[in-house]
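The next block holds one structure in the form of structure tokens; read it before the comments.
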Amino acid sequence: MAKIELLGIEKTFKDETVIRNLNLTIRDGSFTVLVGPSGCGKSTTLRMIAGLEKQTAGEIRIGGTCVNDVPPGKRNVAMVFQNYALYPTMTVRGNIEFGLKNRGMPGKERQSLVHDISEIVGLAPYLDKKPQQLSGGQRQRVALARAMVKQPQVFILDEPLSNLDAKLRNQMRTELIQLHKRLGTTFVYVTHDQVEAMSMGDEIVVMDKGVIQQADIPSKLYHDPANLFTAQFIGTPAMNIIDIRDAYGLELENGEGVSYVGFRPEQALIGKSIEGFRLEGEIVTRESLGAENVYQIRSRCCTFFAKTYLEPLLTEASATVVVPYEQLYFFGPNGERRRGVRALAKRLATAGGV
Amino acid sequence: MTIWHKLRPYGMVAPAIVIFTMFFLYPIFYMIYLSLFDWNFVSPTKTFVGLANFRDLLTDSDFMKVLSNTTMYTLLTVTLTTILALLLALWLNRKSLFHGFVQGAIFSPHIISLVSISLLWSWLMDPEYGLLNWIIGLFGFGPLQWLSHPGTSLVSLVIVAVWKGLGYNTLVFIAGLQSIPGDIYEAAALDESKPWTTFAKLTLPMLSPTIFFLVIINLIGSFQVFETIAIMTQGGPVNSTNTLVYYIYENGFRFFKIGYASAAGVILLVIVGALTIVYFRLLARRVHYR
């Protein structure tokens with residue numbers, strides 16, 4: 001077990017800087033998820049921790065020791081690749097014990113370790129099969145077993161579930177969470193899927209264009225985003241963002257420097273007569289997902305999403321939506337969060353007795 | 001269903017069938033037919049001799065020498081080409097201007113006509129004026145007779161064949177190497193695999209379909225070597241470089257023993273045919289790592 005520190009990391013490919021001045025501490029024993037759109041530098045960061053990529057500048061420490069000049073095999077990390085990267089020439093057993101053999105572990109010890117691990121991941125009946133004879137989920141387990149058997153200080157997982165079908169992905173998600181609980185090892189996990197990030201991580205690092213946008217626990221990330229990027233990246237559908245100039249009927253206290261106002265689709269209450277930011281519009285699309293319904297509504301200012309839970313699907317052509325004032329988020333011109341801004345109802349409107 | 005509909009598919013494949021029959025099937029069967037006769041190419045009568053041509057061939061010490069020459073030439077050429085090409089491919093399998101240049105350079109003999117190559121090497125290997133003797137002379141080695149001595153002539157031809165075939169083989173190996181996913185090597189690096197272990201346990205087995213393909217193609221090609229021998233040695237000195245195809249040519253078109261040459265042709269057909277069958281049989285059973 002070990003904590004990972006990234007200090008002033010910079011990575012340049014030819015003349016393109018993909019990561020600039022990245023500072024991050026990954027807690028010992030945490031399940032940290034790096035998430036962001038493709039090309040945001042999350043995989044590069046991961047590969048630098050594994051030692052498969054060398055950073056242009058900065059220092060990486062694993063468990064307090066600088067590993068800048070330590071080759072991948074000696075960093076005491078194990079990695080699960082997106083395409084599993086199993087050795088097609090070896091059996092499942094060969095794949096799992098390859099790292100142990102290279103370390104010169106004696107045969108008896110190796111046998112019992114491979115046996116234990118294959119019991120844990122349910123591969124025992126397949127030990128003498130070749131990877132190409134296995135299904136996607138089984139290959140995934142081999143990749144996991146190969147990583148686990150080395151008993152590393154750090155587990156690195158690079159989009160390990162993206163090649164699985166939806167059902168299997170959910171199942172493996174749960175298994176990975178349980179595995180993390182059982183091992184207590186530091187997990188660093190990369191994904192572009194924010195739902196995966198939210199459901200698995202106990203610490204999430206949101207990245208964009210090589211810069212960390214926010215590193216926080218999932219609930220804070222969702223309810224207290226640090227900027228426009230995080231606010232829009234986390235959550236489905238994304239947070240609705242309106243240019244402040246289009247937000248008619250909204251009066252702000254401490255409102256200077258506010259450029260955008262945002263609200264979560266589920267905070268847009270349809271047909272409720274309560275105090276709040278009021279929007280009227282035509283319902284453009286309706287998505288019924290069973291427990292929840294998602295509406296796309298086109299109003300005078302913008303098109304936005306609203307979400308309801310456990311309510312019948314609305315059939316009306318138009319709707320009035322109210323967002324409670326305390327559920328509004330405010331952002332500055334560069335997308336930074338503005339705290340301490342308070343929304344007030346327009347005096348005229350309140351005088352009219354809404 | 002009109003007649004036209006029924007006939008159309010046959011009409012479509014007819015040109016291919018006609019060409020195949022005329023230029024592939026007919027010559028093969030005609031050769032087998034001729035191998036049972038004694039004929040001199042011009043006389044109007046062919047004398048049926050049964051299997052006498054085969055009996056004569058298999059008891060002819062010259063033919064045995066030809067077979068052993070061909071086998072020796074083939075084994076040396078295939079082994080050297082494959083090993084050298086693999087080593088070169090391992091070295092060239094990276095992207096840089098220099099590596100690209102070397103790759104192009106070693107490939108260029110592949111597109112040069114064998115006649116030009118033969119003439120070029122005849123000059124290079126000339127015992128008196130040749131560049132090769134001059135070069136080994138610089139290192140204090142005595143002049144070699146190259147093509148003019150029975151002890152070195154076959155090996156000299158092997159050198160030419162390896163030189164010509166190396167570029168193509170290297171290119172195919174590079175393609176094979178590049179089809180191995182890079183993340184496997186990253187996984188091996190994380191597993192503390194040493195370079196030799198990675199090569200022996202991962203690279204080599206994953207290249208085995210490529211190696212197998214090249215070995216068989218080279219075997220078949222080497223068994224049929226002709227141009228270099230016809231131009232550089234004419235099978236000499238003292239039959240030391242006479243190989244199967246050249247032997248067939250000699251008997252057929254210089255001594256006009258058509259039946260005898262056809263019988264040798266049938267034997268070549270059997271050898272190459274057997275190699276081809278081995279290739280396809282093993283190919284079907286091959287493990288493909290995909």
Side-chain angles (χ1 to χ4, degrees), chain A residues 14 43 46-54 70-91 94-105 129-133 139 142-150 152-160 163, chain B residues 82-83 85-87 89-90 93-101 172-216 282-290:
Chain A
K14 295 226 168 98
S43 278
L46 196 75
R47 292 167 59 80
M48 287 190 295
I49 298 173
L52 298 172
E53 209 86 65
K54 178 112 178 98
V70 180
K74 301 275 182 202
R75 291 192 180 195
N76 216 346
V77 300
M79 183 159 171
V80 176
F81 292 82
Q82 183 173 359
N83 301 315
Y84 320 135
L86 301 178
Y87 310 125
T89 54
M90 302 178 196
T91 58
N95 266 280
I96 298 175
E97 66 179 7
F98 188 58
L100 305 179
K101 267 189 182 170
N102 290 328
R103 278 187 201 168
M105 181 182 281
K129 292 232 157 103
K130 289 273 178 73
Q132 51 273 23
Q133 294 167 282
R139 290 183 199 191
V142 179
L144 274 173
R146 183 174 68 180
M148 281 161 68
V149 81
K150 291 189 281 184
Q153 288 188 312
V154 176
F155 262 93
I156 288 180
L157 304 101
D158 187 5
E159 308 215 16
N163 281 356
Chain B
T82 311
I83 292 174
L86 179 56
L87 292 176
L90 288 171
N93 187 25
R94 59 200 87 183
K95 285 190 184 88
S96 87
L97 221 56
F98 176 69
H99 290 96
F101 171 76
V172 176
F173 270 132
I174 290 176
L177 285 172
Q178 282 172 353
S179 71
I180 302 176
D183 52 8
I184 285 181
Y185 290 112
E186 292 179 344
L190 282 159
D191 271 345
E192 288 183 67
S193 180
K194 290 176 187 65
W196 171 251
T197 317
T198 307
F199 177 74
K201 289 277 172 71
L202 294 172
T203 309
L204 209 54
M206 292 194 74
L207 270 185
S208 63
T210 311
I211 297 173
F212 186 65
F213 163 77
L214 284 175
V215 164
I216 290 288
L282 285 179
L283 196 70
R285 276 203 275 139
R286 225 43 235 167
V287 184
H288 283 283
Y289 300 117
R290 287 273 106 185

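Just the heavy atoms: all of them, side chains too, but no hydrogens, waters or symmetry mates, feed the values below. Proteins get letters first, then strands, A, B, ... in listed order; numbering begins at 1 in each.
Neither the backbone nor the side chain of A:Arg75 has a heavy atom closer than 4.5 Å to any heavy atom of chain B. For A:Val77, the parts lying under 4.5 angstrom from a heavy atom of chain B are both the backbone and the side chain.
In terms of heavy atoms, A:Ala85 sits closest to B:Ala187 at O-CB, 3.8 Å. The two residues A:Tyr87 and B:Ile184 make their nearest non-hydrogen contact at CE2-O, 3.7 Å.
Surrounding NZ of A:Lys54 are more than 12 heavy atoms belonging to other residues, nucleotides or ligands, all under 6.0 Å away.
If you run side-chain hydrogen bond (donor to acceptor under 3.5 Å, both in side chains) between B:Asp191 and each of A:Lys101, A:Arg103, A:Lys150, only A:Lys150 comes through.
With rounding to the nearest 0.5 angstrom, the CG atom of A:Leu86 is 9.5 Å from the CG atom of B:Asp183. Rounding to the nearest 0.5 Å gives a distance of 11.5 Å between CZ of A:Phe98 and CG of B:Leu190.
A:Pro72 places none of its side-chain heavy atoms less than 4.5 Å from the side chain of B:Glu186. Put simply, the side chain of A:Thr89 reaches to within 4.5 Å of the side chain of B:Met206, judged on heavy atoms.
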